[in-house]
Asks: 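The structure's right below; bear with me while I get my questions together.
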Amino acid sequence: MIQAKAYAAKDEKTDLAPWAFERREVGPHDVQLEILFCGVCHSDLHQIKNEWFPGIFPMVPGHEIVGKVIKVGDHVKNFKKGELAGVGCLVDSCQVCENCKQGLEQYCLEGNTQTYNSKGRDGVPTYGGYSSTIVVREEFVLHISDKLDLAAAAPLLCAGITTYSPLRYWKVGKGHKLAVLGLGGLGHMGVKFGVAFGADVTVLSTSPSKEAAAKALGAHHFVVTSDPAQVAAVKGSFDFILDTVSAAHDMNLYLSLLRTNGTHICVGVPSESYAIHPFSILGGRKSVGGSGIGGLPETQEMLDFCAENNIASDIEIIDIKDITASYARMLKGDVRYRFVIDMKTLGK
Ligand code: NAP
Ligand code: ZN
């Protein structure tokens, strides 16, 4: 077995603390990474606090993983020792169902295996990227171009693909008015991709202090959602709203901002269900859709698109011992826009 160091939550009431555990040996189809950076997603916090469902503890969060390949199995074809590579939210799926065959492993009909807080197909719990090393089957490992800053590339593995995938699926681009609701880790990537795809991008935010930063990301307009006059001015105006909000919010209000035939795309996952009045969607034939992360081929496509177009996350690098304080800052919206853990600090 491979010895790994990590930060783990013992249960939903306890802060993360150092923990040592074992990973499986590198099998013939596996790639082992030394983890260099790991992004901090709001999903990490939702899960260590059991906000969605009872979790598997001890829990090592982290699904925005980048690092260096340190070992490959005998049958591994696409990765070599010494290369840069990444792992996102998925580490396995059945590979044979109709969704997996189309590269939609996130919607595997047998259920996918997530990078942490999940059980592998062998029944063994998975542990994520707040750790020194990870072993993953080759099909779930991504290539990271050395054109990208490695730390700033880490959040692409979740925040990046989660916003890229729905914008591609709904073909958002030139001639569309796109609103990005919530300017956090996901939201700021939604702005960058929306702008790159040619849409007219508005940020809908609860935080007036983010306006200059939103414009610096390329957003064309900024609306403070607590100001009724600013909200009234954009009623019925958007083709799409990309909803990245992590907490309960008034869907009926935001649906009123869509134009006829507009689509509200949910990617944020508050712990409570949404309350949507039928009038909010039937007047104007509006749709509410959702999208979960992205499959492996599209994640690679997104990473390559980012390398070609010089897109990465805006990050603040942290020491792993500051993780609990960083969660508190994330909850207050006090991060521009993603914390990334320098995993070297695990050894200190
Ligand atoms: P984040 O960095 O904390 O950003 C969330 C943003 O939502 C905040 O910055 C804030 O933006 C806004 N917000 C927070 N509370 C709000 C409230 N009560 N009302 C309105 N807006 C509020 O989180 P993240 O990492 O981007 O993740 C966002 C959500 O997506 C989380 O629920 C996460 O679990 C989920 N997620 C889903 C997927 C998927 O596959 N669909 C993948 C990854 C993450 P403003 O300050 O601009 O208002
Ligand atoms: Zn995530």
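Just so we're clear, the structure is a prediction, and the values are computed from it rather than from any experiment. Any value given below was found using the heavy atoms of this structure, including those in side chains, with hydrogens, waters and symmetry copies removed. Numbering of ligands and ligand atoms starts at 1, following listing order.
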Asks: Relative to the heavy atoms of Val267, which atoms of ligand 1 are at a distance of less than 4.0 Å?
Replies: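 By the 4.0 Å cutoff, the relevant atoms are 30 (O), 35 (C), 36 (N), 37 (C), 38 (C), 39 (C), 41 (N).
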Asks: Can you confirm whether Tyr169 is buried at OH, in the sense that more than 12 heavy atoms of other residues, nucleotides or ligands lie under 6.0 Å from that atom?
Replies: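 No, because the 6.0 Å sphere around OH of Tyr169 holds 12 heavy atoms or fewer from other groups.
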Asks: If the contact criterion is a heavy-atom separation under 4.0 Å, does Ala159 count as touching ligand 1?
Replies: no
Asks: Please examine the side chains of Leu157 and Val87, heavy atoms only from C-beta on, and report whether any two atoms are closer than 4.5 Å.
Replies: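 No. Closest side-chain heavy atoms not under 4.5 Å.
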Asks: Hey, which atoms in ligand 1 end up nearer than 4.0 Å to a heavy atom of Trp52?
Replies: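 Near Trp52, the atoms of ligand 1 are 34 (O).
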Asks: To the nearest 0.1 Å, how far is atom 21 (N) of ligand 1 from its closest protein heavy atom, and which atom is that?
Replies: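 Looking only at protein heavy atoms, the one closest to atom 21 (N) of ligand 1 is Val245 CG1, 3.4 Å.
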Asks: Out of the candidates Val180, Leu178, Val201, Leu217, only one should pair with Val195 under the side-chain contact (heavy atoms from CB on, under 4.5 Å) rule; please name it.
Replies: Val201
Asks: Is the distance between the Zn ion (ligand 2) and the nearest N/O/S atom of Cys41 smaller than 2.8 Å?
Replies: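 Yes, since at least one N, O or S atom of Cys41 sits under 2.8 Å from the Zn ion (ligand 2).
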Asks: Between Phe238 and His176, is the ring centroid distance below 6.0 Å?
Replies: no
Asks: Got an N, O or S from His42 under 2.8 Å of the Zn ion (ligand 2)?
Replies: no
Asks: Using a strict cut-off of 4.0 Å, indicate which atoms of ligand 1 neighbour a heavy atom of Leu183.
Replies: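 Selected atoms, number and element: 9 (O), 11 (O), 45 (P), 47 (O).
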Asks: Under 4.0 angstrom from ligand 1, any heavy atom of Cys89?
Replies: no
Asks: With ring centroids as reference points, do Phe193 and Tyr164 lie under 6.0 angstrom apart?
Replies: yes
Asks: When you measure from atom 2 (O) of ligand 1 to every protein heavy atom, which one gives the shortest distance, and what is it?
Replies: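 Nearest neighbour among protein heavy atoms for atom 2 (O) of ligand 1, to 0.1 Å: Gly185 N, 2.9 Å.
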Asks: Pick one of side chain, backbone, both or neither for how Ser291 approaches ligand 1, counting any non-hydrogen atom pair under 4.0 Å.
Replies: backbone
Asks: Apply the side-chain contact (heavy atoms from CB on, under 4.5 Å) test between Ser246 and each candidate in Glu51, Met330, His42; give the one that qualifies.
Replies: His42
Asks: Hey, what do you get for CG (Leu181) to CD1 (Ile241), rounding to the nearest 0.5 Å?
Replies: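 Answer rounded to 0.5 Å: 6.5 Å.
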Asks: Using 30° and 60° as the class limits, which term best fits the ring planes of His188 and Tyr337: parallel, tilted or perpendicular?
Replies: parallel
Asks: Look up atom NZ in Lys215 and atom NE2 in His221, then write down how far apart they are to the nearest 0.5 Å.
Replies: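 It is 8.5 Å, given to the nearest 0.5 Å.
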Asks: Using a 4.0 Å cutoff against the non-hydrogen atoms of Arg338, which atoms of ligand 1 qualify?
Replies: 24 (P), 25 (O)
Asks: What is the closest protein heavy atom to atom 14 (C) of ligand 1, and at what distance does it sit?
Replies: Ser246 OG, 3.8 Å
Asks: Report the C-alpha distance between Arg137 and Glu139 in whole Å, list the side-chain angles of each, state the deciding distance to 0.1 Å, and finish with yes or no for salt bridge (charged side-chain N to carboxylate O under 4.0 Å, His left out).
Replies: CA-CA 6 Å; Arg137 64 183 282 185; Glu139 294 88 338; 3.1 Å; yes
Asks: What atoms of ligand 1 come closer than 4.0 angstrom to any heavy atom of His46?
Replies: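 Per the distance check, 31 (C), 32 (O), 33 (C), 34 (O).
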Asks: So if I count the atoms of ligand 1 from 1 in the order they appear, which ones are less than 4.0 Å from some heavy atom of Ala247?
Replies: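 Numbered from 1, ligand 1 contributes 15 (N), 18 (N).
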Asks: Return the closest protein heavy atom for atom 24 (P) of ligand 1 as residue, atom name and distance.
Replies: His42 CB, 3.6 Å
Asks: Within the structure, is a non-hydrogen atom of Tyr327 found at a distance of less than 4.0 Å from ligand 1?
Replies: no
Asks: Which option, Met330, Lys210, Gln106, His249, owns the non-hydrogen atom nearest atom 8 (C) of ligand 1?
Replies: Lys210
